[in-house]
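To start, the structure under review is shown below, and the notes come after it.
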Amino acid sequence: MIHKVTLIPGDGIGPEVAEAACAVVEASGCQVEWEVVEAGEGALAKYGTTLPNRVIDSIRENGVALKGPVTTPIGEGFRSVNVSLRQWLDLYANVRPVASLAGIQSRYEKVDLVIFRENTEDLYAGIERRVDADTAESIKKITRRASERIARAAFNFAREEGRKKVTAGHKANIMKLSDGLFLECARKAAAEFPEITYEEVIVDALCMRLVLNPLDFDVLLLPNLYGDILSDLCAGLVGGLGVVPGANLGDKVAVFEPVHGSAPQIAGRDLANPTAMILSAAMLLRHIGETEAAGRIEEGTRAVLAAGIAVTPDLGGKTGTRGMAAAIIAEMERSLAHAGAR
Ligand code: ATP
């Protein structure tokens with residue numbers, strides 16, 4: 001079966017990590033026809049908009065997309081492409097699995113947690129105004145509908161994956177109404193999943209506890225802004241931004257993308273670590289039912305990371321983006337040949 005999937009290579013290091021991911025997917029044996037569309041700075045130069053309608057239409061039609069990081073030009077009048085895409089497609093759950101990987105030096109071993117970040121509102125709702133020359137305001141919008149569905153998504157995932165605990169991060173001691181409503185919805189969902197432990201931790205204390213003892217956590221449930229910040233913090237626990245994949249899930253469509261941004265300083269130099277994009281592609285394959293191909297990609301990637309030789313400079317190696325992808329493909333082919341010989 002051939003799967004049609006939208007591909008947004010993106011800006012900065014996006015096209016390089018996208019090329020690496022496509023090569024690895026091809027080697028996995030899964031047949032994908034990529035529909036390539038442009039968003040971000042590249043699209044602005046060509047089409048006069050950072051988010052052409054064609055991007056949204058393609059994702060709606062295909063149901064799934066693999067997306068590289070896109071840059072939103074600085075300046076008034078440009079809404080973030082990522083935020084717009086998530087709102088247009090109602091991709092309400094941002095899911096980021098953060099797991100220790102053998103071979104990657106980090107402060108902890110055996111970190112294994114999953115972040116569920118609300119993806120459509122909070123301070124990202126874009127409700128801002130300049131009150132006068134010296135004052136600006138942003139509105140933090142929290143709704144029952146969005147909070148209930150992200151909470152339910154986190155608990156459902158915990159149940160399906162046999163996870164034990166959901167921790168809600170908040171600042172309801174200060175933002176009593178907005179974060180208070182988020183917690184009210186989290187508690188309601190928790191009551192429907194009595195077998196899963198539920199705890200609430202104030203977000204600043206949560207940052208400290210994550211740094212001191214990340215093994216204490218299983219599933220994190222967070223409003224949009226705290227989720228954004230904690231995603232980078234958690235990436236730092238397992239080797240940095242180059243290795244953490246992600247998914248933006250809605251009821252009808254799903255967009256898979258790495259946690260990292262476009263990293264313009266290293267763009268075009270064959271330096272970017274393709275791991276996060278490759279693991280995002282594996283998540284996509286799992287989502288469309290290609291479990292075996294996804295497993296092959298994950299195993300091949302883990303093997304190359306564990307060997308620690310053919311890895312990019314951010315992981316202490318001297319290999320380029322393309323070279324690392326080639327090493328992963330070679331590893332996948334080796335294990336396929338090995339399985340065939342048995
Ligand atoms: P953007 O403005 O699109 O968010 P950014 O450079 O501000 O881009 P990130 O790309 O998220 O933010 O990352 C910050 C830094 O982390 C980069 O400058 C780079 O040094 C490093 N980094 C991020 N992703 C990778 C990667 N895939 N491989 C190697 N280094 C990376």
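Numbering of ligands and ligand atoms starts at 1, following listing order.
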What residue among N248, D251, N119, T120 forms side-chain hydrogen bond (donor to acceptor under 3.5 Å, both in side chains) with Y92?
D251
Tell me whether the guanidinium CZ or amine NZ of R187 lies under 6.0 angstrom from the six-membered ring centre of F193 and within 45° of its axis.
no
Do we get K165 above F217's six-membered ring, with its NZ or CZ under 6.0 Å from the centre and within 45° of the axis?
yes
Identify the closest protein heavy atom to atom 18 (O) of ligand 1: which residue and atom is it, and at what distance?
Q265 OE1, 3.2 Å
Which ligand 1 atoms, with their elements, are less than 4.0 angstrom from a heavy-atom of H260?
11 (O), 23 (C), 24 (N), 27 (N)
Between R286 and E298, is a salt bridge (charged side-chain N to carboxylate O under 4.0 Å, His left out) present by the stated rule, with each step listed?
CA-CA 11 Å; R286 224 172 257 292; E298 286 158 356; 2.4 Å; yes
Please work out whether any backbone atom (N, CA, C, O) or any side-chain heavy atom from C-beta onward of N273 is under 4.0 Å from ligand 1, and answer side chain, backbone, both or neither.
both
Answer yes or no: does an N/O atom from A263 fall short of 3.5 Å to an N/O atom of ligand 1?
yes
Just checking, is any N or O donor in the side chain of D179 or Y226 under 3.5 Å from an acceptor N or O on the other one?
yes
Assess, by modelled atom type and distance only, whether the side chains of N224 and E121 contain a donor and an acceptor separated by less than 3.5 Å.
no
So R149 and D90, salt bridge (charged side-chain N to carboxylate O under 4.0 Å, His left out) or not? Walk me through it.
CA-CA 12 Å; R149 63 184 180 174; D90 204 20; 2.7 Å; yes
Any idea which part of I13 is under 4.0 Å from ligand 1, heavy-atom wise: side chain, backbone, both or neither?
side chain
Hphob cluster co-occupancy, L279 + V244, side-chain heavy atoms under 4.5 angstrom:
no
Distance below 4.0 Å between atom 20 (O) of ligand 1 and any protein heavy atom?
no
To the nearest 0.1 Å, how far is atom 4 (O) of ligand 1 from its closest protein heavy atom, and which atom is that?
G261 CA, 3.7 Å
Test your reading of the structure: does T71 have an N or O sitting under 3.5 Å from an N or O of ligand 1?
no
Any heavy atom of M277 under 4.0 Å from ligand 1? The part involved is neither
Would atom 29 (C) of ligand 1 count as contacted, meaning some protein heavy atom under 4.0 Å?
yes
Ranked by distance from atom 14 (C) of ligand 1, the top protein heavy atom is L241 CD1, 4.0 Å
With heavy atoms of A272 as the reference, note each atom of ligand 1 found under 4.0 Å away.
28 (N)
In ligand 1, the atoms that come under 4.0 Å of a heavy atom of G242 are 26 (C), 27 (N)
Closest to atom 2 (O) of ligand 1 among protein heavy atoms sits S262 OG, 4.2 Å
For E184, is the CD atom crowded, meaning more than 12 foreign heavy atoms sit under 6.0 Å from it?
yes
Can you pull out the closest protein heavy atom to atom 31 (C) of ligand 1? Residue, atom name and distance to 0.1 Å, please.
I266 CD1, 4.2 Å
Atom 7 (O) of ligand 1: protein heavy atom closer than 4.0 Å?
no
Counting only heavy atoms not in W88 (residues, nucleotides, ligands), do more than 12 fall under 6.0 Å from its CH2?
no
Check contact between A276 and ligand 1, using heavy atoms of the residue and a distance below 4.0 angstrom.
no
